[in-house]
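So you know, we letter chains A, B, ... as the sequences are listed, proteins then strands, and number each from 1.
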Amino acid sequence: SQTIHQWPATLVQPVGSPLSLECTVEGTSNPNLYWYRQAAGRGLQLLFYSVGIGQISSEVPQNLSASRPQDRQFILSSKKLLLSDSGFYLCASDPGGEKLFFGSGTQLSVL
Amino acid sequence: TQLLEQSPQFLSIQEGENLTVYCNSSSVFSSLQWYRQEPGEGPVLLVTVVTGGEVKKLKRLTFQFGDARKDSSLHITAAQPGDTGLYLCAGAGSSYKLIFGSGTRLLVRP
């Protein structure tokens with residue numbers, strides 16, 4: 001079965017600092033990969049999705065970027081964090097187009 | 001832009017009570033999924049409904065997809081404290097992307 005590894009679980013960063021969140025997938029190949037952000041107790045906002053290596057689609061204009069250097073690796077980055085970047089970030093994989101498998105998430109607090 | 005609205009946003013009930021959560025949109029979806037999420041964790045898929053009018057049951061949970069494939073409901077019978085969590089509906093359109101609803105936070109008190 002598929003496993004999504006996401007780290008770190010919790011991150012506290014100062015405003016203006018860089019960000020790098022990594023997500024790796026095991027148990028599947030050539031999955032569609034996604035980054036979502038979630039406000040506390042609310043729905044998920046799609047930030048980026050990727051259908052293959054080097055292919056990134058951005059859903060909303062923002063201070064973040066994504067990269068997919070390998071088939072099962074998806075990275076979320078920022079050069080300078082803003083207060084509004086705080087939130088719960090979730091990586092997800094969609095290997096067969098049927099359902100999403102989610103990682104355990106990263107709680108980012110920008111202070 | 002496709003949007004999914006869930007209601008209610010928050011529900012606090014006593015153990016043993018029944019409840020229904022609604023997921024509504026003005027858009028048609030090819031399928032609709034329901035997820036449940038625990039605090040600090042990622043959502044976990046409960047069910048996928050594909051056909052208009054489809055009804056699926058998962059123990060005490062009953063899921064229904066509207067005839068026009070624009071809405072869905074989740075009914076829980078005899079709720080238990082273990083049902084507590086955030087329930088999210090998500091609609092699949094013509095692309096790879098799932099559109100998530102705004103979420104319903106359920107608290108079942110013992």
**Student:** Mind checking whether A/Trp7 and A/Phe74 sit in one hydrophobic cluster, side chains of I, L, V, M, F, W, Y counted as touching below 4.5 Å?
**Tutor:** no
**Student:** Please flag which part of A/Gln38 lies under 4.5 Å from any non-hydrogen atom of chain B: side chain, backbone, both or neither.
**Tutor:** side chain
**Student:** Is there a path of hydrophobic side-chain contacts, each under 4.5 Å between heavy atoms of I, L, V, M, F, W or Y residues, that connects B/Ile76 with B/Leu58?
**Tutor:** yes
**Student:** Counting only heavy atoms closer than 4.5 Å, note whether B/Gln37 contacts chain A via side chain, backbone, both or neither.
**Tutor:** side chain
**Student:** Relative to chain B, which segment of A/Gln45 carries a heavy atom at a distance below 4.5 Å: side chain, backbone, both, or neither?
**Tutor:** neither
**Student:** Within the 4.5 Å heavy-atom criterion, are B/Tyr35 and A/Leu100 side-chain neighbours or not?
**Tutor:** yes
**Student:** If you look at every heavy atom in B/Pro43 and A/Leu44, which pair is closest and at what distance?
**Tutor:** CG-CD2, 4.2 Å
**Student:** Hey, could you give me the CG/CG distance between B/Leu98 and A/Leu46, rounded to the nearest 0.5 Å?
**Tutor:** 9.0 Å
**Student:** Any residues in residues 81-92 of chain A near chain B, with a heavy-atom distance under 4.5 Å, and which are they?
**Tutor:** A/Phe88, A/Leu90
**Student:** Taking heavy atoms only and a threshold strictly under 4.5 Å, list by residue number the residues of residues 100-110 of chain B that touch chain A; give 'none' if the list is empty.
**Tutor:** B/Phe100, B/Gly101, B/Ser102, B/Gly103, B/Arg105
**Student:** Does B/Phe63 share a hydrophobic cluster with B/Tyr22, counting links as ILVMFWY side-chain heavy atoms below 4.5 Å and allowing steps through other members?
**Tutor:** no
**Student:** Around atom CD of B/Gln9, are there more than 12 heavy atoms of other residues, nucleotides or ligands at under 6.0 Å?
**Tutor:** no
**Student:** Let me know if A/Tyr36 has heavy atoms under 4.5 Å from chain B in its side chain, its backbone, both or neither.
**Tutor:** side chain
**Student:** Side-chain heavy atoms nearer than 4.5 Å, only ILVMFWY residues, links allowed to pass through others: does that put B/Phe10 and B/Leu4 together?
**Tutor:** no
**Student:** Same cluster or not: are A/Val15 and A/Leu19 linked, directly or through other Ile, Leu, Val, Met, Phe, Trp or Tyr residues, by side-chain heavy atoms under 4.5 angstrom apart?
**Tutor:** yes
